[in-house]
Protein chains: 2
Amino acid sequence: MGVTLRDVAKKAGVSAVTVSKVVNGTDQHISEETRLRIQKIVKELGYVPNAVAKGLKEKRTNMLGFLLPDISNSFFPEVARGIEDMAKVHGFGVVMCNTDDSAEQETERIRFLSSRMVDGIVFARALKNSNMRQLLSSGLPVVVVDRDIETEHTGMGQIFVDTQRGIYESTSLLIGAGCKKIAFISAEYAARFDRYQGYCDALQQAGLPVEPKRVYKDHYDVKTGYEGLYRILANTEIDGVVCGNDMIAVGVLNALKEKGISVPGQVKVIGFDDVYFSRYLSPPLTTVYQPAYQMGSAAAEMLIDHILYQKPLYKKNLDFELRIRNTV
Amino acid sequence: MGVTLRDVAKKAGVSAVTVSKVVNGTDQHISEETRLRIQKIVKELGYVPNAVAKGLKEKRTNMLGFLLPDISNSFFPEVARGIEDMAKVHGFGVVMCNTDDSAEQETERIRFLSSRMVDGIVFARALKNSNMRQLLSSGLPVVVVDRDIETEHTGMGQIFVDTQRGIYESTSLLIGAGCKKIAFISAEYAARFDRYQGYCDALQQAGLPVEPKRVYKDHYDVKTGYEGLYRILANTEIDGVVCGNDMIAVGVLNALKEKGISVPGQVKVIGFDDVYFSRYLSPPLTTVYQPAYQMGSAAAEMLIDHILYQKPLYKKNLDFELRIRNTV
DNA sequence: GTGAAAGCGCTAACAA
DNA sequence: TTGTTAGCGCTTTCAC
């Protein structure tokens, strides 16, 4: 920074306008000679356009906001990377905003990003649909990268995985492996793609009863898995556990080990997400992979296409994938 | 966005300047009446100052750049969170830039950030000191969050952990536990704080020989741990493994399990970093904790103090911490 | 082929 | 107590 259009112009003996045109290639009718001279001086002086000034003028900053619960929760770093890689390709940068799923934080950060004139927002979330409305009212294009979104929000783009179907399949895998008494441990909330529903559907399909005693819902964390398993085992027997995510599966695995119950011998376990260390658990966790990186890059791509070429936002369903390892 | 200072001014029947003064509290000599009237209209209209315009004018954007190898590598998400939390407290935002440790990427991103007029850069890195020089020449204040930095770079702030001492202590722990034939598996590179040196020092201190056959260096990843262990075991016997980081320890643990060698019975293992899932490995990994979150927040704090109050940048040594679990 | 004028939204310095 | 002027660095329009 420091060296401006004017500096270049002065040294080249032309006006700032001409330099601008050359630098941006915005005008064909510049003599080859002038163009070359200017380009040379640009290099000499190490001129770099001031993106802030440019943004102010053009009302486009080539910046994306990334709103997420917490970057230090696995799953999100991959998403972040996907977003940034795609953004970079198109000359965009990304501003990261952790909100801890708090509505106030979200509101505040949206205001922040909007004041900073980001051109669009990728909104990754796990829970409530809190202030979707506020997001919309900001007028900014938004793409929601959602694992579970409650309602349709017209006007927003969406990248999602059918987690209900994913859990349906993970449950079916356990059933296929001979489990008859399958527990379900997950987080507590209503969602468009209800994991619990996927679990119920699979049981029903197989003619197995849904036993409330085998269901535990709290949070998407290790503690929930651990405590859930103990709670369920206090009341009933099980031969399989369907987990709402891999963190829960980690808790379940730990509790099972503590109780001396063999996996997959006595109890089979299946996770969800395929967080990068799941394969290193022991036994390596069988789980359902969600394409986190791809979700991020697809979201950024949609947003940028919209910003740059006015392509409409849309809904995109990405495929999950069973990852068979050693807990089933 | 959309509603400007002028809009507020018009509606309040004052000039834009007055509104600016009221909004920023930059002028005591505004009548209570005017102030109140303006504040009311600001609320009504939902006026939010345009940070881009403000940044251009003031030459301060209240934005930090965060340059790192890869957010999807454990350790960095925590750092990122630390940075963002501290930044937020001071009204700063953070632009995340992954560089995969590539010098070209770093150069390019630094230019990018600089053109965007970020007020400072947090540089988290694991390896080579590539283009430190370029960073400096950008004129931007920089704080390096480093696990291993090669040289002194005057002018830059620095947050670090004495990893050499950390490995010295982790090795000593193994020695104290009775190990005589300790392997060392880590990444290959020279650094200010040389982990390998820490390992050697500890052995020497205990009168134990340093056997090249027991040393393997490649990358900070699972594969290195896995292959390193196999390689070493092909040539010699061991009763302990000091790992350069937790990823390596994961590989070591897996290889050991594969070979039917018990941990910590036959071989003891110690990691480094205390990545958040280390405690869930089996057995739970004994390791050395690096305060990643704190490193991020300390870096951001130093930078912001410098930006806002011209406090000089400095070097800060953060403490590591032995986390005794079940692999030793 | 090139440049002058105007303005993006804001604020510091100075006037009134 | 308030407003005018000027300008941050850039680009668009339109005149030359």
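This one's a predicted model, so the numbers in the text were calculated from it and none came from an experiment. In what follows, every chain begins at residue 1, and chains take the letters A, B, ... in the order their sequences are listed.
Of the inter-residue distances, the one linking Ser72(B) atom OG with Arg81(A) atom CZ reads 6.0 Å to the nearest 0.5 angstrom. The CE atom of Met302(A) lies 7.0 Å from the NZ atom of Lys316(A); values are rounded to the nearest 0.5 Å.
The backbone N or O of Met117(A) lies less than 3.5 Å from a partner atom in the side chain of Thr61(A), making a donor-acceptor pair. Lys315(B) contributes a side-chain N or O that, together with a main-chain N or O of Met156(B), makes up a donor-acceptor pair within less than 3.5 Å.
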As a quick check of understanding, evaluate side chain to side chain contact (heavy atoms under 4.5 Å, CB included) for Leu113(A) and Ile121(A), giving each step before the final call. CA-CA 8 Å; Leu113(A) 288 172; Ile121(A) 291 182; 3.8 Å; yes
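Among the heavy atoms of the strands, none lies under 4.0 Å from Val52(B). Among the heavy atoms of the strands lying under 4.0 Å from Lys59(A) are primed sugar atoms or P, OP1, OP2 only; no base atom is included. Using a 4.0 Å heavy-atom cutoff across all strands shown, Asn24(B) reaches sugar-phosphate atoms only and no base atom.
Both Val17(B) and Ala53(B) lie close to DNA chain D; mapped to their nearest nucleotides by heavy-atom distance, the more 5′-ward contact belongs to Val17(B). Closest-nucleotide positions on DNA chain D for Ser20(A) and Thr18(B) were compared, and the one nearer the 5' end corresponds to Thr18(B). Closest-nucleotide positions on DNA chain C for Leu56(B) and Thr26(B) were compared, and the one nearer the 5' end corresponds to Leu56(B).
When the P atom of dG9(C) is taken as reference, atom CZ of Arg60(B) falls 22 Å away, rounded to whole Å. For the pair Arg37(A) CZ and dT2(C) P, the interatomic distance rounds to 8 Å; values are reported in whole Å. Regarding Asp27(A), its CG atom lies at a distance of 9 Å from the C1' atom of dT2(C), rounded to whole Å. For Leu5(B) and dG9(C), the CG to C1' distance is 7 Å, given to the nearest whole Å. Atom NZ of Lys54(B) and atom P of dC8(C) are 19 Å apart (whole Å). The nearest whole Å value for the distance from the NE2 atom in His29(A) to the C1' atom in dT13(D) is 14 Å. Rounded to an integer number of Å, the gap from Asn62(B) CG to dC10(C) P is 15 Å. Put simply, CD on Glu58(B) is 12 Å from C1' on dG9(C), counting in whole angstrom units.
Set against dT2(D), dC10(D), dG3(C), the side chain of Val14(A) has dG3(C) as its closest nucleotide. Comparing atom distances between the Arg6(A) side chain and each of dC10(D), dC10(C), dG3(D) picks out dC10(D) as nearest.
Regarding contacts with the backbone of dG7(D), every side-chain N or O of Lys57(B) stays at 4.0 angstrom or more from both OP1 and OP2. Between Thr34(B) and the phosphate of dT2(D), there is a side-chain N or O to OP1/OP2 separation shorter than 4.0 Å.
If you check distances only, the side chain of Lys21(A) does reach the base of dG3(C) with a donor-acceptor pair under 3.5 Å.
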